[in-house]
Amino acid sequence: MTFELLPLHKNKQFSTECAEILNEEWKRSMTARFHALEKSRDEYPVNLVLIEQAGTSEAFVVGHSRLALVQGQTDKSCFLESVVIRKRLRGKGLGRILMEKTEQFAEKEGFKVIYLTTHDKEEFYAHLGYEKSQPVVSFGTDIIPEHLVKQLTGNLDSEEHLASTIKHTCADTVKNGNPPVSHGPTTPKAPCSGPIPSSVPRPPVPAPPPPPPPVVSKLQTSDISRFDPACIVWMKKRLQA
C-alpha cells in the first residue's frame with residue numbers, strides 16, 4: 001500500500017470524504033464541517049488528508065490531520081489540532097503513518113517543534129517521541145487576523161492602566177460639563193413642567209420571565225474529559241533540523 005499526505009485546499013475532490021471521517025469522531029452538520037475545512041490554506045491553518053493509492057482512480061481518504069501556527073515561541077512551531085483515521089481502518093498502524101507524514105510535512109515547512117494535546121493517548125504519542133510540555137497559544141481557527149496577534153499578545157494594557165484611563169475620562173467629562181455621547185437615534189423629549197402627579201396611575205411592573213427548562217446533556221464521560229483542562233495533557237516533539 002502506498003500513502004500520500006496532501007493539502008486539502010489543493011485537492012478539494014476529497015472534501016466530502018474528509019468531512020465524513022471527521023463526523024465519525026466529532027458530530028457536526030456537514031455545512032459547518034465544510035465551512036471549517038474551507039479555511040485550509042498555505043498560510044495556515046492547513047487541513048491535510050492521507051490518501052491511499054493517490055493518483056489512481058481508486059484513491060480514497062484514510063485519515064485527516066490539521067496544523068495551525070503557534071504564537072510566542074522562539075523556534076518556529078506548529079500545533080497539531082486534530083488527527084483522525086477512518087473508523088473501519090483503525091488498529092492497522094495507519095495512525096502512526098499519518099503522524100509520521102504530518103511531521104514530515106511540518107518539517108519541510110520549516111517548523112522546529114510540533115505541539116499537540118491529548119486526554120487519553122499520552123502513551124501512544126510518547127512512543128512517537130513526544131514529551132509533556134507547557135501549554136502554548138495557537139490561533140488555528142483564524143478568528144483573529146494574523147497582523148493583530150502581536151498587539152493582542154504583546155501590547156495589552158494592564159487592568160490598572162485601563163481603570164485609570166476610564167476614571168480620568170469620566171472625571172474630565174463631568175468637569176467640562178460634557179454629556180455622554182449617544183451613538184443611537186435620538187427622540188425629542190416632551191416638555192415637562194414639573195413632577196408627575198401622584199394621582200396618575202403608573203404602569204405595572206412586568207413579571208420576570210420564567211426560568212429556562214433544564215438542559216439534558218447527552219455528553220458521555222469521555223466527551224466531558226476531552227474539554228476538562230485538568231484532563232488535557234500538552235505534549236511536544238522537536239523535529240529534525
For this session: Could I get the full list of ring pair (Phe, Tyr, Trp, His ring centres under 6.0 Å) partners for Tyr115, not counting sequence neighbours?
Result: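 Listed in chain order: nothing, the list is empty.
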Exercise. Does NZ belonging to Lys12 count more than 12 external heavy atoms closer than 6.0 Å?
Worked result: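 No, NZ of Lys12 has 12 or fewer neighbouring heavy atoms, counting only those of other groups under 6.0 Å.
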For this session: Tell me, yes or no, whether the heavy-atom count around Gln13 atom CD, taken from other residues, nucleotides or ligands under 6.0 Å, exceeds 12.
Result: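 More than 12 heavy atoms, drawn from other residues, nucleotides or ligands, come within 6.0 Å of this atom.
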Any donor-acceptor N/O pair, [X] side chain to [Y] backbone, under 3.5 Å:
X	Y	result
Glu4	Ile51	no
Ser77	Asp75	yes
Lys87	Glu24	yes
Arg66	Val46	no

Roughly how far, to the nearest 0.5 Å, is [atom2] of [Y] from [atom1] of [X]?
X	Y	atom1	atom2	answer
Leu239	Lys112	CG	NZ	9.0 Å
Glu122	His127	CD	NE2	11.0 Å
Ser82	Ile21	OG	CD1	11.5 Å
Leu67	Leu116	CG	CG	10.5 Å
Ser138	Gln73	OG	CD	11.0 Å
Leu22	Leu37	CG	CG	6.0 Å

Exercise. Less than 6.0 Å separating the ring centroids of Phe111 and Tyr44?
Worked result: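 Phe111 vs Tyr44: aromatic centres under 6.0 Å.
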For this session: State whether a side-chain donor-acceptor pair under 3.5 Å links Asn23 with Arg33.
Result: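 Per modelled atom types, Asn23 and Arg33 side chains form a pair under 3.5 Å.
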Exercise. Are Asn47 and His9 close enough that a side-chain donor and a side-chain acceptor fall under 3.5 Å?
Worked result: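 Checked: Asn47/His9 side chains show no N/O donor-acceptor pair below 3.5 Å.
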Name each donor-acceptor pair under 3.5 Å that joins a side chain in residues 91-105 to protein atoms two or more places apart or in another chain, with its distance.
| unit_1 | atom_1 | unit_2 | atom_2 | d |
| --- | --- | --- | --- | --- |
| Thr102 | OG1 | Ser65 | OG | 3.0 |
| Thr102 | OG1 | Leu98 | O | 2.7 |
| Glu103 | OE1 | Lys237 | NZ | 3.0 |
| Glu103 | OE2 | Tyr130 | OH | 2.8 |

How far apart are the closest heavy atoms of [X] and [Y], and which atoms are they?
X	Y	result
Gln53	Ala59	O-CB, 3.2 Å
Phe34	Ala19	CE2-CB, 4.1 Å
Cys18	His64	SG-CD2, 3.3 Å

Problem set entry | Any residue meeting salt bridge (charged side-chain N to carboxylate O under 4.0 Å, His left out) with Arg90, in chain and number order, not counting sequence neighbours |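 Partners of Arg90 under the salt bridge (charged side-chain N to carboxylate O under 4.0 Å, His left out) test: Glu25.
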Problem set entry | Verdict with reasoning, Thr118 to Met235, per side-chain contact (heavy atoms from CB on, under 4.5 Å) | CA-CA 8 Å; Thr118 182; Met235 307 185 76; 4.0 Å; yes
